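Each remark here refers to the structure printed beneath this line.
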Amino acid sequence: MSFILAQFLTGLASASSLFLVASGLSVIFGVTRIVNFAHGSLSMLGTYLAVTLVPLFGVGSVLGFWGGVLAAALCVGVFGGLLEVAILRRLYGSFELFPLLATFGVVLVVQDATLALWGPTDILGPLAPGLDGTSEVFGLAIPQYDLVLIALGPLVLGFMLLLLRRTRWGVLVRAATEDREMLGALGVNQKLLFTSVFVVGAFLAGLGGAVQIPREPANLLMDLNIIAEAFVVVVVGGLGSLTGAYLAAVLIGEIQAFGIVLFPEITLVIVFLVMAVVLAVRPWGLLGRPEPVADSTLPAGAVVLRPMGKVGRLAVAAAVATLAALAWLAGPYYQQVASEILVFALFAASLQFVTGVGGIITFGHAAYFGLGAYGAALMVRHAGLPMEFALLAAPAAGGIGALLFGWFSVRLGGAYLAMLTLAFAQILWSAASQWYAVTGGDNGILGVWPSPWASDPATFFLVVLVVCVAGLAGLRWTAHTPFGYALRAGRDSPRRSAAIGIDVGTRRWAGFALGGVFAGLAGGLYAFLKGSVFPGVLAIPTSVDGLVMVLLGGIQSLTGPWIGAAVFVGLKTLLASATDYWRIILGTVIILAVTGFPQGIAGTLADWTRREGR
Amino acid sequence: MSLLEVRDLRKSFGGVAAVDGVGFTVAAGEMVAVIGPNGAGKSTCFNVLGGQLRPDSGEVVLDGLPVTGLRPEALWRLGVGRTFQVASVLGSMTVRENVQMALLAANRRSWSLTRRLRNEERRRADAVLRRLALLGLADSACATLAYGDVKRLELAIAIANRPRLLLMDEPTAGMSRGDRGALMAEVAALARESALGVLFTEHDMDVVFGHADRVLVLHQGRVVAAGAPDAVRNDPRVRAIYLGAAAEAGRA
Amino acid sequence: MLEFENVSARYGRAQVLLEVSFEVPRGRAVSLLGRNGAGKSTIMKCAAGLLRPHEGRIRFEGREIGRLAAYRINRLGIGYVPEDRRIFAGLTVAENLQVGRRRGTEGPWTEERIFALFPNLAELRHRRGGEISGGEQQMLAIARTLAGNPRLLLLDEPAEGLAPRILEGLAAAIGQLKAEGLTILLSEQNLGFAAAIADQACVVESGQVRWRGAMAALAADRELARAYLTV
């Protein structure tokens with residue numbers, strides 16, 4: 001009994017911090033319709049600023065601690081406002097992928113900036129003066145700070161609800177979630193309102209991060225961990241509902257508190273199952289209202305698909321022949337780089353099929369790449385099967401995963417889809433890093449070698465070449481079949497598609513699953529290419545790398561992903577060997593590209609591909 | 001027997017009845033226009049018939065078959081074609097591909113992974129395009145078409161699979177005056193040739209009175225008048241709706 | 001006070017307004033008349049700043065407003081009551097009014113005076129906008145705009161979908177606004193309702209102004225009214 005109560009209280013304490021972060025995310029989304037990917041980074045900044053500011057304000061004093069925490073949150077709030085003015089303001093109403101990518105660019109920049117300013121080691125924060133002991137609750141010794149946190153969640157919830165109900169600002173915010181245009185017609189300066197909403201949302205994220213300092217050391221993994229959890233909370237609670245977010249935060253907090261003790265290795269699987277049950281029963285979350293599924297904004301240059309011309313076919317033949325020649329002419333290093341480009345080209349092409357052809361904006365495509373990689377590795381290492389079987393298991397694993405996760409996410413649109421796909425991928429990532437018995441956790445799975453006949457680097461390179469070119473050709477073929485056209489029809493106009501007998505929902509699900517199959521195949525090859533698999537293959541950056549490759553190549557172009565992968569992998573290889581801070585460069589490039597040419601990346605390249613006849 | 005029979009259709013939104021007991025019929029080969037002021041319930045009525053909305057109560061019978069509440073996909077296979085107020089075509093495809101898709105999906109062949117779309121149903125698609133004088137544009141991308149041609153293409157998609165009933169929501173909205181007459185003449189010819197029943201809403205009264213065999217007037221969710229165009233035109237209730245009771249009374 | 005000069009506008013590729021010119025003199029009520037889809041609402045949206053005209057000029061008290069953001073146009077003194085009312089359904093009646101009111105602008109339309117004009121709303125002030133009837137929502141939409149103390153009121157199809165009994169009350173309220181010196185641009189399909197309010201008429205069809213003149217002249221000319229308004 002006492003154990004249950006103790007764990008319950010611990011769960012409530014973690015729920016509060018989670019709620020603070022998620023509530024900010026929810027308020028920002030409600031008004032601006034932007035899913036702020038950088039919200040976890042804002043929270044991480046709050047933690048780092050607090051561990052720095054609290055000592056400056058005076059470690060021993062109560063005022064110093066809470067003053068420091070509050071100052072950290074305020075700094076983050078101001079930073080959030082600057083982000084809105086400098087970057088996000090340009091992206092309202094643009095193609096939904098752009099704000100997500102821009103905020104991910106911010107994630108990368110903040111990550112490296114934090115690394116540069118605070119260094120790579122975890123930083124332990126000071127304890128809260130006067131709250132560093134325990135108090136007796138029903139005969140149990142409970143950390144006093146936990147009790148404060150437990151109270152903080154409902155307090156902030158109450159405060160936010162009051163703010164939204166009782167102040168003019170709150171009335172305007174609620175009005176903005178319903179009809180922004182009308183608000184302008186009534187004389188409200190939306191720009192100012194949006195900036196203020198970002199400040200408040202960022203402040204909440206910062207506060208959520210800052211209050212964690214006595215419980216958790218500041219570390220560089222916080223941003224993506226927190227954002228994934230916040231997405232889960234917002235989706236389970238229902239977008240736009242603060243009370244829902246609190247309930248969901250408590251639910252998730254409690255599952256983690258009990259899970260970590262009872263089933264430490266599958267806690268995340270339980271989180272996933274609970275989320276799945278909630279969404280199966282209530283697709284829009286506990287207290288969420290159905291979002292109308294709007295016709296998604298087509299990116300510029302939604303162009304007609306044409307068969308490859310003579311020039312194109314010759315170019316492809318020449319490229320494949322050149323690559324094949326590498327097997328004899330180049331050394332293992334270049335074969336390795338070329339293989340990597342090919343594998344990522346296949347991965348990017350499978351993502352292009354889903355997002356470009358199908359119009360399904362997924363942020364967790366790495367999940368299926370990773371499932372393929374782990375599927376193949378487990379076949380070889382645990383089942384003792386040869387590479388040939390493993391390379392069949394990989395696409396199957398990717399496809400089954402996409403079929404399962406797709407059922408929950410693809411029928412929803414827009415923000416729910418983006419957040420859910422990302423959360424699924426992150427849950428898989430966590431499972432892979434924790435489930436030591438099966439996946440080896442952070443140590444990964446080593447010794448994933450090709451069959452003896454293919455173990456020579458040159459031969460293996462040829463295997464990669466053949467499989468990838470076949471995969472790319474298969475995807476291209478699919479886009480030209482009635483199946484691919486019907487998928488594209490659903491993207492162009494759901495209404496017209498339904499009126500000519502195409503069941504858009506099922507079609508999107510099938511397209512998503514097929515994308516998963518090819519991503520899984522790429523993942524399987526990747527496992528053999530590296531000889532090992534680590535949780536990183538499933539992580540958010542892998543998904544975003546894919547999206548960047550697709551955008552580089554032009555989201556509408558079937559050939560684009562090949563080019564995008566070559567440019568991206570090439571640049572990243574160069575950058576990573578030249579500097580430790582490649583993230584800040586990549587992040588800046590993404591932000592500049594997206595804000596500089598909101599229509600441009602896809603549009604420019606579409607123009608180019610149109611002229612080239614693809 | 002009528003091709004389409006609608007009985008006592010009702011649909012409310014948040015307690016407000018948008019369609020409040022509407023009933024009417026459409027015969028094969030007949031062109032029926034639905035008119036009425038804004039908010040009369042025309043769009044709701046259309047969206048219920050097209051499967052975009054489910055009615056609260058009432059019945060829709062197509063050729064003796066109850067089709068109430070069926071989804072748009074199912075209605076298309078049963079022979080109901082649809083055009084929208086803002087023309088809805090597949091923007092990233094060519095004119096011909098749009099019609100090919102419509103034909104393939106109707107025959108449940110849109111799942112095929114073994115053939116290219118290019119050569120599927122090409123002959124039938126071209127026949128439809130020729131009928132609507134779009135064959136010259138067959139290989140053009142939709143994005144490059146003039147709006148009048150987009151409207152025409154939408155009609156081609158809607159009639160591609162030889163439907164029995166065609167639902168047209170404001171078929172000439174946004175078109176130039178000359179294009180309007182030509183498009184409706186085309187529709188009227190199709191209706192007569194293939195016994196196609198056409199139900200359309202329209203606010204251009206020249207179009208309504210130039211092409212409809214019968215006119216239904218909707219007001220506040222109910223049918224207030226129905227009949228031959230001239231009878232409806234001279235119906236005092238209809239005039240009162242448009243001109244206002246006060247204006248009529250003042251002159252009487 | 002408000003002047004349209006050769007204004008053309010498009011939605012995507014569809015041309016909706018073609019060289020529209022007319023003016024609304026200070027203190028008068030002008031009604032745009034025409035059937036559904038004639039372009040009346042588009043004219044209103046252009047005047048309110050919700051749609052940028054493609055070509056031409058819109059002037060308010062001599063100042064060009066065609067390119068200004070909607071909130072700036074509102075602050076110049078143009079109040080817009082949209083078609084379909086666009087009430088904030090989740091906000092109470094009082095909160096809807098609060099959105100329309102701006103700090104630092106004093107004017108004749110205090111809460112008491114608004115509630116005196118629309119007594120129903122005073123009783124409903126704590127009900128949500130989505131829970132009140134269509135007629136009450138229309139009153140609220142007008143009241144919400146009045147709270148910002150505009151000098152020119154744009155009323156886009158206020159009579160749409162309302163029962164005749166409610167229309168009388170609405171016409172009376174709008175008549176009172178006009179009597180107090182508010183300039184009004186009304187869009188209407190119903191000649192009777194428009195004739196009760198407006199002095200001048202402007203008949204719109206297919207995105208073009210077909211006829212301009214005194215309301216009385218239009219109401220008296222049966223053929224003209226028939227040609228553009230009835231079936």
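Because only heavy atoms are used, hydrogens play no part in the values below, and waters and symmetry mates are left out as well, while side chains stay in. Quantities reported herein were computed from a predicted structural model and do not represent experimental measurements. The chains referred to below are lettered A, B, ... by the order of the sequence lines, with proteins before strands, and numbering in each begins at 1.
- Between A:R496 atom CZ and A:I502 atom CD1 the span is 10.0 Å, to the nearest 0.5 Å.
- Between the side chains of B:S92 and A:R491, a donor-acceptor pair is found at a separation under 3.5 Å.
- Both the backbone and the side chain of B:R82 come within contact range of chain A, each with at least one heavy atom under 4.5 Å from a heavy atom of that chain.
- A:L417 is listed as a side-chain neighbour of A:S409, based on a closest heavy-atom distance under 4.5 Å.
- Options A:A479, A:G484, A:A499, A:G490 differ in how many heavy-atom pairs under 4.5 Å they form with chain B, and the most are formed by A:A499.
- A salt bridge between B:E193 and B:R131 is present, with a side-chain N of the basic residue lying under 4.0 Å from a carboxylate O of the acidic one.
- Considering only residues two or more places apart in sequence or on other chains, A:T362 meets the side-chain hydrogen bond (donor to acceptor under 3.5 Å, both in side chains) condition with none of them.
- Heavy-atom neighbours of chain A within the stretch residues 97-118 of chain B, taken at a separation under 4.5 angstrom, comprise B:E97, B:M101, B:A102, B:L104, B:A105, B:A106, B:R109, B:S110, B:W111, B:S112, B:L113, B:T114, B:R115, B:R116, B:L117, B:R118.
- Between the CD atom in A:Q352 and the CG atom in A:L475 there is a gap of 8.5 Å [rounded to 0.5 Å].
- Using a 4.0 Å cut-off between a side-chain N of Lys or Arg and a carboxylate O of Asp or Glu, B:R152 and B:D179 do not qualify as a salt bridge.
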